[in-house]
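Below: one structure, written as structure tokens.
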Amino acid sequence: MKHTEFSRMLSRLASTLTAAAVLCIMVFVGAATVQQNRTALFSPEPNADTGEPPSFKSRLTSAYDTGIYGFSRFLSFYGRTQKLFGATVYEDAGVGYLICDSENNFHYNTLPGDAQPYADAVAGLRDTLAAADIPMLYFQSPSKEIDGYTDYPPGIDYASADNARAMREALREHGVEVLSFAEEFAARDIAPETQFYRTDHHWTTQTAFAAFRIALPYLNDRLGWSLDTALSEDANWQSLYQPQSFLGSIGRRVGEELAGLDDYTYLEPRFDTAYRVYYPPTSTEVPYWTGTFHETMVRDSLLYAEDVSANRYASYFQYDYGELIIENTLADNDLHIAIIKDSFALPFTAFLSTAVWKIDMIDLREFEGSVTAHLLETKPDLVIVMYSNSSFKEPAIYEFNH
């Protein structure tokens with residue numbers, strides 16, 4: 001009896017000491033994280049583009065996401081351990097699971113979704129715009145799961161390509177005009193291994209440029225326009241190649257030790273450019289940026305960042321702004337396009353801007369008000385809805401009348 005009571009006492013003591021140790025570690029890491037991020041948290045630098053400091057919520061989120069004390073050392077240890085055991089599926093508290101395929105490409109786990117309500121919403125927008133004589137096209141960015149190339153570990157139920165395929169089919173049943181870049185790339189035999197960053201969920205800059213090259217003649221054919229297709233010729237563009245310089249969105253969650261690094265290639269026009277770019281929360285009459293393609297749309301703080309974990313993919317525009325209005329003052333036409341987009345459209349929109357007078361780039365995750373009412377008021381010559389459709393985790397981007 002005494003032995004049993006003594007065992008219980010030791011067990012309670014062990015539990016108490018363990019809880020105390022965990023609490024001490026949490027307090028220490030929390031305090032060290034605050035100390036490590038004290039400038040960013042309490043004396044933040046204003047954003048170079050908007051002139052406003054980031055919100056305290058975003059600063060706190062950043063501090064306790066990738067800015068947590070010892071985070072990089074933990075990821076390095078985690079990566080080495082996972083490599084040692086040959087793991088290909090990794091748990092992640094934020095997104096569920098991360099997957100490494102047979103070609104060493106990293107993916108977010110994507111579950112099956114019902115495309116129908118989202119296709120219905122797009123078709124509804126098309127009908128509303130058509131009643132006002134505003135044409136609409138749907139551009140579908142490709143999925144990182146590529147048929148005949150992507151091979152997942154056994155037992156993985158991954159639905160990226162199936163979701164995108166279901167969305168295309170549902171839209172076409174509604175009579176919505178769909179340009180699928182996945183289908184176009186397959187028809188042109190564009191090498192699958194070049195289409196996406198290994199460590200990021202986005203397409204490469206070169207792939208976005210390939211989509212731009214496809215889009216110009218497509219728009220001419222569908223709308224009877226005369227966009228200058230020579231603008232997409234290689235001779236008219238210069239590149240900056242940065243080998244082993246980019247740790248993408250998924251790589252940042254598992255660490256460089258495990259994921260490795262991607263090469264990054266930046267593209268900009270060789271021909272003369274002049275732009276006015278407006279940030280509507282500030283003004284729709286006074287440009288926020290003026291100058292060349294590079295001066296108005298490219299963020300050198302990301303393009304030339306020494307930190308490989310900087311989001312180099314967003315070198316074009318830097319953010320998914322709620323709205324940016326881009327005026328090409330040297331354009332040979334007066335065409336106005338509105339693009340309702342997700343992040344895949346950032347480099348694509350920059351390239352397309354060289355061919356038209358005006359682009360209104362809209363992201364419903366940040367846009368305030370009804371985008372339908374906005375389009376009916378501004379009356380663009382064309383509306384493009386450009387989404388990737390690999391998953392349906394952000395239904396807000398289909399709430400056009402919100």
Side-chain angles (χ1 to χ4, degrees), residues 75-116 118 140-170 180-208 210-211 244 246-264 309 311 313 342-344 387-395:
L75 278 185
S76 179
F77 172 76
Y78 175 79
R80 288 192 179 98
T81 304
Q82 296 301 308
K83 274 190 174 181
L84 180 64
F85 289 100
T88 53
V89 179
Y90 316 98
E91 287 192 64
D92 185 284
V95 298
Y97 291 95
L98 307 171
I99 303 164
C100 183
D101 68 21
S102 61
E103 299 295 330
N104 202 33
N105 297 306
F106 286 80
H107 305 254
Y108 289 116
N109 185 38
T110 302
L111 300 175
D114 182 6
Q116 196 62 54
Y118 306 110
Q140 189 182 63
S141 309
S143 163
K144 194 172 182 178
E145 181 186 9
I146 301 173
D147 292 337
Y149 172 72
T150 305
D151 183 23
Y152 293 114
I156 295 298
D157 181 19
Y158 197 82
S160 176
D162 287 343
N163 286 347
R165 192 177 297 111
M167 187 67 173
R168 291 196 298 271
E169 292 172 356
S180 164
F181 290 118
E183 292 176 338
E184 294 295 326
F185 294 162
R188 289 166 170 76
D189 292 325
I190 294 179
E193 63 271 17
T194 67
Q195 293 184 26
F196 282 80
Y197 297 108
R198 284 192 320 97
T199 69
D200 198 270
H201 65 289
H202 292 109
W203 55 4
T204 64
T205 305
Q206 302 96 302
T207 312
Q244 297 294 285
F246 178 38
L247 183 64
S249 60
I250 310 172
R252 292 193 290 274
R253 305 191 79 92
V254 299
E256 182 182 340
E257 290 280 346
L258 178 59
L261 295 174
D262 275 298
D263 301 335
Y264 180 82
S309 65
N311 187 12
Y313 169 78
D342 60 21
S343 54
F344 273 73
Y387 289 152
S388 59
N389 296 136
S390 60
S391 71
F392 300 110
K393 291 183 178 179
E394 296 182 296

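Applying the side-chain hydrogen bond (donor to acceptor under 3.5 Å, both in side chains) rule to Gln195 yields no partners; only residues at least two apart in sequence or on another chain are considered.
Atom NE2 of His202 is separated from atom CD1 of Ile250 by 9.5 Å, given to the nearest 0.5 angstrom. Met167 contributes atom CE, which lies 10.5 Å from atom CG of Asp114 (distance to the nearest 0.5 angstrom). The line from CD of Glu103 to CD1 of Ile146 is 10.0 Å long, rounded to the nearest 0.5 Å. How far CD1 of Ile99 is from OG1 of Thr88: 8.5 Å, rounded to the nearest 0.5 Å. For the atom pair Asp162 CG and Glu145 CD, the distance stands at 6.5 Å (nearest 0.5 Å). Here the CG atom belonging to Leu258 is positioned 8.0 Å from the CG atom belonging to Asn104, to the nearest 0.5 angstrom.
A heavy-atom distance below 4.5 Å is found between the side chains of Phe185 and Thr207.
Side chain of Gln140 to main chain of Ala164: a donor-acceptor pair is present (N/O by atom type, distance under 3.5 Å, no hydrogens or angles). Panel note: side chain Asn163, backbone Ser390; a donor-acceptor pair is recorded below 3.5 Å. Side-chain N or O atoms of Asp342 include one that pairs as donor or acceptor with a backbone N or O of Ser388 at under 3.5 Å. Side chain of Asp92 to main chain of Leu98: no donor-acceptor pair is present (N/O by atom type, distance under 3.5 Å, no hydrogens or angles). Of the possible polar contacts, one joining the Lys144 side chain to the Phe106 backbone as a donor-acceptor pair under 3.5 Å is found. No donor-acceptor pair under 3.5 Å is formed between the side chain of Asp101 and the backbone N or O of Tyr152.
Listed here is the closest heavy atom pair of Asp200 and Ser249: OD2-N, 2.7 Å. Phe196 and Pro142 get closest at one heavy-atom pair: CZ-O, 3.4 Å. Shown here for Trp203 and Tyr313, the closest heavy-atom pair between the two residues is O-CE1, 3.5 Å. Scanning all heavy atoms of the two residues, the minimum distance from Val89 to Pro153 falls at CG2-CG, 4.3 Å. Taking all atoms of both residues into account, the shortest heavy-atom contact from Ala161 to Asp147 is CB-OD1, 4.2 Å. Across every non-hydrogen atom of His201 and Ser343, the tightest pair is NE2-OG, 4.5 Å.
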Step by step, would you call Tyr158 with Thr150 a side chain to side chain contact (heavy atoms under 4.5 Å, CB included)? CA-CA 11 Å; Tyr158 197 82; Thr150 305; over 6 Å; no
Give the C-alpha distance, both sets of side-chain angles, the deciding distance and a yes or no for side chain to side chain contact (heavy atoms under 4.5 Å, CB included) between Glu256 and Leu261. CA-CA 7 Å; Glu256 182 182 340; Leu261 295 174; 3.6 Å; yes
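Using cut-offs of 30° and 60° for the angle between ring planes, the Tyr264 and Phe246 rings count as perpendicular.
Asp262 and Thr199 share a donor-acceptor pair across their side chains, judged by distance under 3.5 Å alone. With 3.5 Å as the limit, one finds a donor-acceptor pair spanning the side chains of Ser160 and Ser143. Tyr197 and Thr205 share a donor-acceptor pair across their side chains, judged by distance under 3.5 Å alone.
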